[in-house]
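Notes for the one structure printed next.
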There are 2 protein chains.
Amino acid sequence: MDHHHLVHFLGLLAIILVGAKIGGALAQRIGQPAVLGELLAGVVLGSSLLGLVDAKDEIITLLKEVGVIILLFEIGLETDLKKLLKVGGASVAVALAGVILPFSLGYAVCWAMELDYLVSLFVGAALTATSVGITARVLSDLGRLQDPEGQVILGAAILDDVIGLVILAVVTGMAGGAEVTALGVAQTTGIAFGFLVVTLLLGLWIVPWLDRILQVFRMPGSPTIIALVVALGLAWLADQVGSALIIGAFAAGLFQRELPMHEEIEKGVASLGHFFVPIFFVAVGAAVDVRTFNPLDPAAHPILLLGGLLVVAAIIGKFAAGFAPFWFKGNKAIIGVGMIPRGEVGLIFAGMGLSSGIFDRGLFSAVALMVMVTTFIAPVWLKWLAVPKKPQRSDSEGIEDLVAGPREED
Amino acid sequence: MDHHHLVHFLGLLAIILVGAKIGGALAQRIGQPAVLGELLAGVVLGSSLLGLVDAKDEIITLLKEVGVIILLFEIGLETDLKKLLKVGGASVAVALAGVILPFSLGYAVCWAMELDYLVSLFVGAALTATSVGITARVLSDLGRLQDPEGQVILGAAILDDVIGLVILAVVTGMAGGAEVTALGVAQTTGIAFGFLVVTLLLGLWIVPWLDRILQVFRMPGSPTIIALVVALGLAWLADQVGSALIIGAFAAGLFQRELPMHEEIEKGVASLGHFFVPIFFVAVGAAVDVRTFNPLDPAAHPILLLGGLLVVAAIIGKFAAGFAPFWFKGNKAIIGVGMIPRGEVGLIFAGMGLSSGIFDRGLFSAVALMVMVTTFIAPVWLKWLAVPKKPQRSDSEGIEDLVAGPREED
């Protein structure tokens, strides 16, 4: 890296961080979750407007991935496994319904628009994604991640990521002309779920040894870094065996919560998160090009029509999925809305559709529109359904109370 | 960045972090400063042995620069400007003697070896560098950064960095065949010192405004990130006007220490430092190839001879400079030894000599040997002279007391 490029990047890093913090502060000021402001800061800095942040840049990609790994690690550290398992049945119901309903609705929309069956499959698959990062961050911003509803959403979103891996493997296999066998699908499914279960069991088993290892590193901050190394290592391992990076990071957080010094680790990871996590959301925002949806451009009309129908399918599918666990006593609307944002996961699906040649530029834009609307609508909607529990550190408490609607309790 | 490359890099990041922490813990266990272990971890991971860490890699370079910026920002935040100015005279004397003596000795060694005069100038220039990062980290590890000796070293090392910029501009100008005018030298000097002074004065002036801005960002961790953005911005600006990145970061720390919430910021920056700073030291260690100095290889003998003489010149020059402020009441040997490590600054000089064609591979290796020996010897020597003041968080206090020599007080 030559000196000029390096210095340019340091300046860009400063702009990304300050943009994210300004966006977050402005969003809070109008009573919205900070993450919405970070995403919008990304749209402003990204290809849509200023063109400063290139979401495909090598270094941005790396920093962003470190950001989402730290975010899921943090969420794992904050998650009580027992509480998560207690709502496990509800999570499974939401996850399954949240895959089947959006997939069917998306496929139906494409069929009605007379699209090819492989294209329809891929669009349907893109609708099944859930961005666990965005929902978890919103719930965490509102202080409601620990609620039963929050735990159901978290569990279902993680399961959705695992299911998403399987679907992605199947549809890309089909796109590549490979024969999809029941055995192959079972194998992919087994690996994806197996990694999570095995890592957790092994992790809980080695906690006493890990604690003794951490005792050796007595320099301030070292336990945090070693714990983070475990998370990075498991993220790497998850990828190597065919699972997803964030599944490894989340599992590392879940079992390291059992460490006696987990509070010190949580604080240190949170400090790193303040730096890395906003980079992730800015990069997600920067990846979207809003100019594709200019309603004054007639060429954009079919894209807007398909995109609009997909938005409706995407919202109805996930919202209805929230009501699948009929036995669950809690606010099912919150669960449904919590599953709506597609975020970076949806963009990954859309990007793979484009790069594999199944989507043309217009189809890609339509799917991106669906991703964008669901991503931006969910934080606002959630905020409206779930009044913040713990007081947010914001100057605009009064405005918030006016803007936020009443919280429904079933 | 393709997915494979990304995942590979995440694994590498885990290895760098765990290597640094293991090296640091081992060094502390035998009573040495942690930074020595981090540098040696770099040698093991770098081109000399395992070849895992490529110090020239784009992303490593960026993370490493963020690391040294955070380190100097942290040191600036910890530095009391009044205390620094109080020993200002001593710092100036040490800095000037620490440039003149090593330069003359280095030039003399090259003259005795019958080297070209331009080569001799460049070698002399490489001997004037001081790695403020390494010395400050050692003193901080030993809890002695706040001592008068520590403040003199810090001031002199910062001045040396500014002088180094001027020398680098002059010798590269001469290497490029440009005519070096007194006016040009004065201009470069003026910019380098002027930036530091103007930034500090302006910074101290805007502190009340900055405080009010920080009050707006009430999310946990946000003040730290905004303060860091100021440091990144000033580092960028310093580079733009022809000064050095770390000068900007240090100045940002110095004036932001006056913020009412500076303790919260210090804690947050320290957490980020636990992640980024070790990457810097590992990368510095990885840049050194110890195989060039194999004494069994006859081809290495002239390199070893020249390198050995330069090591002696480099050590004597800086050690003697510590005694230049004859009026200073304190341990002058600590000051002299504190100025010895050339670290990354020396490597930058050597690298520029090589890339501009003034050094051949052998000369580069000889200068690199000088850099390496001074970098590794200083922490051990300093540790021996300056018994740690605050108890280090280490299991080996007993061993340390045996290893460490008595502290001399003048």
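Everything numeric in this text was worked out from a predicted model, so none of it was measured. Just so we're on the same page: letters track the sequence lines, and every chain starts at 1.
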Interface residue of largest heavy-atom contact number with chain B, from Ala270(A), Gly268(A), Ser271(A), under 4.5 Å: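 The candidate making the most pairs under 4.5 Å is Ser271(A).
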
Max heavy-atom pair count under 4.5 Å with chain B, selected residue of Leu63(A), Val18(A), Val269(A), Val66(A):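 Heavy-atom pair counts peak at Val18(A).
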
Which atoms of Ile15(B) approach chain A - backbone, side chain, both or neither, heavy atom under 4.5 Å: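 No part of it gets close to chain A.
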
Distance, nearest 0.5 Å, that separates [atom1] of [X] from [atom2] of [Y]:
X: Ile213(B); Y: Lys21(A); atom1: CD1; atom2: NZ; value: 16.0 Å
X: His5(A); Y: Thr61(B); atom1: NE2; atom2: OG1; value: 10.5 Å
X: Leu10(B); Y: Ile69(A); atom1: CG; atom2: CD1; value: 4.5 Å
X: Leu62(A); Y: Ile59(B); atom1: CG; atom2: CD1; value: 5.0 Å

Show me, pair by pair, the donor-acceptor contacts under 3.5 angstrom made by side chains of residues 221-241 of chain B, not counting sequence neighbours?
from, atom 1, to, atom 2, distance (Å)
Ser222(B), OG, Met219(B), O, 3.4
Asp239(B), OD1, His3(A), NE2, 2.4

Structural part of Ile60(A) lying under 4.5 Å from a heavy atom of chain B: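 Looking at Ile60(A), nothing touches chain B.
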
Phe275(B): ring-ring contact (aromatic ring centres under 6.0 Å, His included) partners, not counting sequence neighbours: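 Result, ring-ring contact (aromatic ring centres under 6.0 Å, His included) vs Phe275(B): Phe276(A).
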
